[in-house]
Amino acid sequence: MPEFAIPEYEATRTLNRILPRLKNQFEQAIENDPDGWNALQNRLTIKFPILFDLYIELYHSRYDFFYHLEDLLTTIAHAWFLRSQELRELDTARERDPYWYQSNNMVGGVCYVDLFANNLEGIRNKIPYFKELGLTYLHLMPLFDTPKGENDGGYAVSDYRKVNSSLGTMDELEALSRDLREAGISLVLDLVFNHTSDEHIWAKQAIKGDPEFEEFYRIFPNRNLPDVYEKNLREIFPEEHPGAFTFHPQLQKWIWTTFHSYQWDLNYENPVTFNRMAGEMLFLANRGVEVLRLDAIAFIWKEVGTNCENLPQAHTLIKAFNAVARITAPSLLFKSEAIVHPDDVVKYISPDECQLSYNPLLMALLWNSLATRKVNLLSKALQGRFNTHPKTAWVNYVRVHDDIGWTFSDEDAAALGINANDHRNFLNEFYRGRFPGSFARGLPFQENEVTGDCRISGTCASLAGLEKALLEEGPEEVEFAIRRILLIHGIIMTVGGIPLIYLGDEIGTLNDYAYKNNPKLNSDSRWVHRVKTDWERYRRRNDLTSPEGRIYQGLLSLIELRKDNVAFSHGELHILQTENDHVLGFAHPGVILLANFSESYQPLPVHVLNGVMDKEPVKVYGTTSFVNGKDLVIDPLDFLVINHQV
Ligand code: GLC
Ligand code: GLC
């Protein structure tokens with residue numbers, strides 16, 4: 001809610017003052033594209049008041065407020081006139097079908113361009129593969145120009161308008177977005193908007209001492225303010241640098257660097273920063289990007305005396321970006337990357353902020369249930385925290401390129417008699433493979449020597465036991481590992497929202513320890529699960545005698561199951577009380593899903609299904625034998641799906 005109410009006529013009056021000035025400025029463009037100008041004016045009439053309110057909330061105290069507002073509208077008009085006819089048609093199509101992303105047809109994939117297929121041309125050649133897998137959403141990890149040395153896997157961006165030359169060109173990216181769209185696949189890219197690399201032109205100008213550009217970042221002449229801020233800050237990459245600031249020898253100043261020292265946090269208290277980043281955002285939208293993943297969203301606003309995460313102004317800021325998109329690139333969606341407490345994660349999710357959001361809680365609790373063989377925390381979280389605004393969707397995943405942090409709520413854990421701290425320590429020990437009997441082969445990430453805290457790296461297959469089973473154990477454990485992998489993927493395919501596959505996981509890619517020999521990478525254990533694709537292994541994907549084939553074919557059936565049933569599109573999730581600690585149960589209209597997280601057979605009394613099941617139940621997935629009306633005994637690590645009529 002705006003801090004103070006602004007009468008609506010003020011927005012109209014302001015717009016009416018700025019429009020003639022835009023008309024002058026864009027005389028030529030308007031002459032060439034009169035329909036475009038009309039369309040823009042129509043959109044502004046409807047949407048400008050929303051943007052106006054948000055912009056006032058952020059920047060009202062600026063004496064030069066109207067200068068910046070007009071500059072923003074100029075940026076908007078400029079981008080609109082450059083928007084292709086094809087994308088304007090996409091805008092119209094999406095406005096007619098605004099919740100397309102909730103469809104059960106949606107299946108996402110994410111990969112690094114270089115690791116998966118060398119370059120953009122390689123990715124284009126993989127379109128037939130993406131179609132074979134059934135993808136409709138492809139997230140390419142940051143592919144922009146970055147510093148040559150360390151660059152945080154591309155998350156240190158030096159130029160948002162330039163593709164890293166080893167991967168291709170912006171023209172190729174644009175052509176790829178078109179080819180993907182023709183294949184029914186939406187291109188997803190990152191908007192890394194919390195920081196730029198220290199080689200971005202803005203940073204370079206700041207280093208030269210230009211005060212206009214220093215204001216793009218949060219730069220301090222001494223430790224006074226940094227010390228005050230740090231009293232309340234969490235350390236994000238403590239192995240790299242303590243605290244949140246980096247001393248710059250040339251500037252002789254302290255720079256806010258939440259992540260690595262070469263990633264400079266942007267200063268959105270400066271409206272120029274907002275306007276320029278809005279320009280970069282629209283540039284990407286005009287290249288055909290359909291979804292922007294808003295990176296590190298929790299950190300974009302800072303206030304003394306707070307932990308500088310998830311502040312109310314961060315939400316205002318994202319809503320303002322959203323309002324810009326609604327005017328200029330209405331088909332563009334935002335996906336929130338907030339890997340924080342679940343109470344905070346949900347605050348970013350709404351149609352006027354981020355329509356999509358990673359679901360880090362589900363991710364963490366799937367791994368929790370595999371380790372504990374218990375579903376209590378998972379079931380409670382799904383019951384109380386899963387249903388979101390009906391016009392939004394979760395992006396459900398089991399692994400991505402980042403570490404696993406145990407971001408469940410301490411209060412939820414306490415309600416089940418679990419001490420959150422001890423439990424996180426247990427999970428870290430378990431997934432590092434140090435807990436007796438653990439099946440996992442993970443590595444610690446960003447171990448904090450002071451607090452003892454850490455997060456976990458590792459591929460899905462290695463964390464689920466496949467690495468250990470193949471190298472040390474044998475067929476029985478291999479079978480369990482494969483079942484674990486399919487079980488958690490089964491849940492993300494059916495729980496509701498967009499399932500996202502970290503490409504490589506679909507054939508059970510194992511950890512790759514080679515990063516340890518690379519001085520550019522060896523300080524960051526996340527590279528153990530950022531693996532160069534082995535296309536030889538992909539050739540085995542149809543061979544049911546290989547783990548690759550078992551996992552791949554299993555996953556294809558799960559995708560088919562999802563695409564066959566509209567119940568897996570958006571809708572309320574109903575949790576079943578299964579009366580068995582090891583079995584998760586949930587339902588959508590006409591379908592019941594049961595997941596046994598233990599390696600033993602688990603009984604399930606049939607009355608658990610009464611009341612949710614109507615008539616003519618049929619098993620459509622799973623190995624458990626199901627006889628209508630009889631108590632069930634669920635196979636070890638089975639994912640059982642029963643369709644019935646409503
Ligand atoms: C996000 C990215 C992560 C990166 C960080 C800083 O969390 O997913 O890989 O290190 O932002 O950009
Ligand atoms: C931050 C990000 C999170 C990421 C981590 C870097 O916490 O929000 O996404 O996992 O940093 O690994």
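This chain uses plain numbering: 1 for the first residue, then up along the sequence. Remember, it's 1-based here, ligands and their atoms both numbered in the order they're listed. Computation of the quantities below employed the complete heavy-atom set of this structure, encompassing side-chain atoms and omitting hydrogens, waters and symmetry-equivalent molecules.
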- For Asp402, is the nearest heavy atom under 4.0 Å from an atom of ligand 1? yes
- Query: ligand 1 versus His260, non-hydrogen atoms closer than 4.0 Å: side chain, backbone, both, neither?
  - Reply: neither
- Query: Does atom CZ of Arg124 have more than 12 heavy-atom neighbours, drawn from other residues, nucleotides or ligands, at distances under 6.0 Å?
  - Reply: no
- Query: Is there a heavy atom of Arg293 sitting under 4.0 angstrom from any atom of ligand 1?
  - Reply: yes
- Query: Pairs in or reaching into residues 243-265: which pass salt bridge (charged side-chain N to carboxylate O under 4.0 Å, His left out), with residues at least two apart or in two chains?
  - Reply: Glu214-Lys253, Asp265-Lys302
- Query: With the threshold set at 4.0 Å, does a side-chain nitrogen-carboxylate oxygen contact exist between Asp159 and Arg161?
  - Reply: no
- Which atoms from ligand 1 have a heavy atom of Phe237 less than 4.0 Å away? 10 (O)
- Ligand-residue contact atoms, ligand 1 with His195, heavy atoms, under 4.0 Å: 6 (C), 12 (O)
- Residues Asp295, Arg293: salt bridge by 4.0 Å N-O rule: yes
- Query: Would you call Asp505-Arg399 a salt bridge at under 4.0 Å N-O?
  - Reply: no
- Task: For Asp295, counting its heavy atoms only, list the atoms of ligand 1 lying under 4.0 Å from any of them.
- Result: 1 (C), 2 (C), 6 (C), 7 (O), 8 (O), 11 (O), 12 (O)
- Contact atoms of ligand 1, heavy-atom distance to His401 under 4.0 Å: 2 (C), 3 (C), 8 (O), 9 (O)
- Query: Would you call Glu290 and Arg181 a salt bridge, taking side-chain N to carboxylate O under 4.0 Å as the test?
  - Reply: yes
- Check whether more than 12 heavy atoms from other residues, nucleotides or ligands sit under 6.0 Å from atom NZ of Lys148, and answer yes or no. no
- Against heavy atoms of Arg526, which atoms of ligand 1 measure under 4.0 Å? 3 (C), 4 (C), 9 (O), 10 (O)
- Message: Once you restrict to heavy atoms under 4.0 Å, what part of Phe193 touches ligand 1? Side chain, backbone, both or neither.
- Response: neither
